[in-house]
Amino acid sequence: MDPTSQIIVALDCDSRAAADVLVEQLGEACGAYKVGLELLTAAGPDAVKALVAQGKEVFLDLKLFEIPHSVAGAVRAAGTLGVSMVTVHGMGGSGIVSAAVEAARDFPGLRVLALTVVTSITDADLADIGVGDGVDEQVLRLARLAQRVGCHGVIASPQDVAALRSALGPDALIITPGVTLSWESPAEHARPGTPHAAIAAGASHVVVGRAVTRAADPATAFRAVRASLAP
Ligand code: C5P
């Protein structure tokens with residue numbers, strides 16, 4: 001696969017202007033962006049529409065965890081915006097996740113991805129909220145649930161990718177945020193890995209944020225990530 005299409009840049013910006021500058025700087029090289037709660041709340045759906053209008057794939061990271069009726073409505077709204085991917089929390093269980101999957105059926109280009117365990121969470125954090133299983137078991141449990149109810153894939157940390165690929169088979173999307181470039185410190189990522197390691201372990205895509213967007217020269221940083229994925 002062309003490495004460029006495996007990289008999704010997280011546009012974690014606090015304004016439309018800041019997002020526009022980054023998209024301009026990355027230009028044709030970058031074809032896919034993750035829009036999360038920060039940019040969506042700051043700039044509204046017009047920021048998403050502008051990316052779609054430029055031919056960019058948008059991963060709308062809504063991290064839905066709501067009653068099924070509300071989840072379905074949010075997924076339909078995402079589909080109407082023309083985004084390619086939307087996220088729902090696997091922790092919501094089959095009722096919430098399948099509401100997202102059903103709502104997405106009206107939008108053939110829209111894929112629903114389940115969040116398993118947020119990459120900053122540790123076994124101790126799970127124990128704190130009454131989840132007896134460790135992160136590894138919980139990731140697999142939620143991924144299998146998501147696949148059973150029809151999700152197109154999962155979001156998971158670099159270190160969970162190999163087990164997930166073997167559990168979910170070759171067709172599932174496995175999208176990996178929380179990646180750390182080999183020259184960075186791991187920041188708050190509890191289970192980091194490089195983009196290269198994530199793809200080598202079987203991830204379909206990696207999400208790269210600050211390593212590109214906060215770089216002195218984002219276009220050069222993007223090219224470095226792409227080069228690191230070259231076969
Ligand atoms: O850390 P970075 O800036 O690359 O984060 C990019 C995206 O990855 C964020 O928008 C966040 O949703 C996700 N992320 C994550 N777990 C982390 C750190 C970031 O899922 N520990």
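The first residue in the sequence is number 1, and the count goes up from there. Atoms within a ligand are numbered from 1 in the order they appear, just like the ligands themselves.
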### Message
Tell me whether G209 has any N or O atom under 3.5 angstrom from an N or O of ligand 1.
### Response
yes
#### Entry: Check ion pair D133-R141 (N to O, under 4.0 angstrom)
yes
### Task
Flag yes if L168 and I155 sit in one hydrophobic cluster, no otherwise; membership is Ile, Leu, Val, Met, Phe, Trp, Tyr, and two members link when side-chain heavy atoms are under 4.5 Å apart.
no
### Query
Out of P177, P195, A211, who gets a non-hydrogen atom closest to atom 13 (C) of ligand 1?
P177
## Note on the structure
Min over R210, K34, E38 of heavy-atom distance to atom 2 (P) of ligand 1 lands on R210
### Message
Within the structure, is a non-hydrogen atom of V118 found at a distance of less than 4.0 Å from ligand 1?
### Response
no
#### Entry: Within-shell test, R214 vs ligand 1, heavy atom, strictly < 4.0 Å
no
### Query
So do V154 and D160 actually touch side chain to side chain, heavy atoms under 4.5 Å?
no
### Query
Which atoms of ligand 1 have any heavy atom of D61 under 4.0 Å away?
12 (O)
### Task
For residues E38 and C13, determine if any side-chain heavy atom of one lies less than 4.5 Å from a side-chain heavy atom of the other.
no
### Message
Side chains of I96 and L64, heavy atoms from C-beta outward: is any pair under 4.5 Å?
### Response
no
### Query
Taking atom CZ of R223 and atom OG1 of T4, what is their separation to the nearest 0.5 Å?
11.5 Å
### Query
Is there a heavy atom of K63 sitting under 4.0 angstrom from any atom of ligand 1?
yes
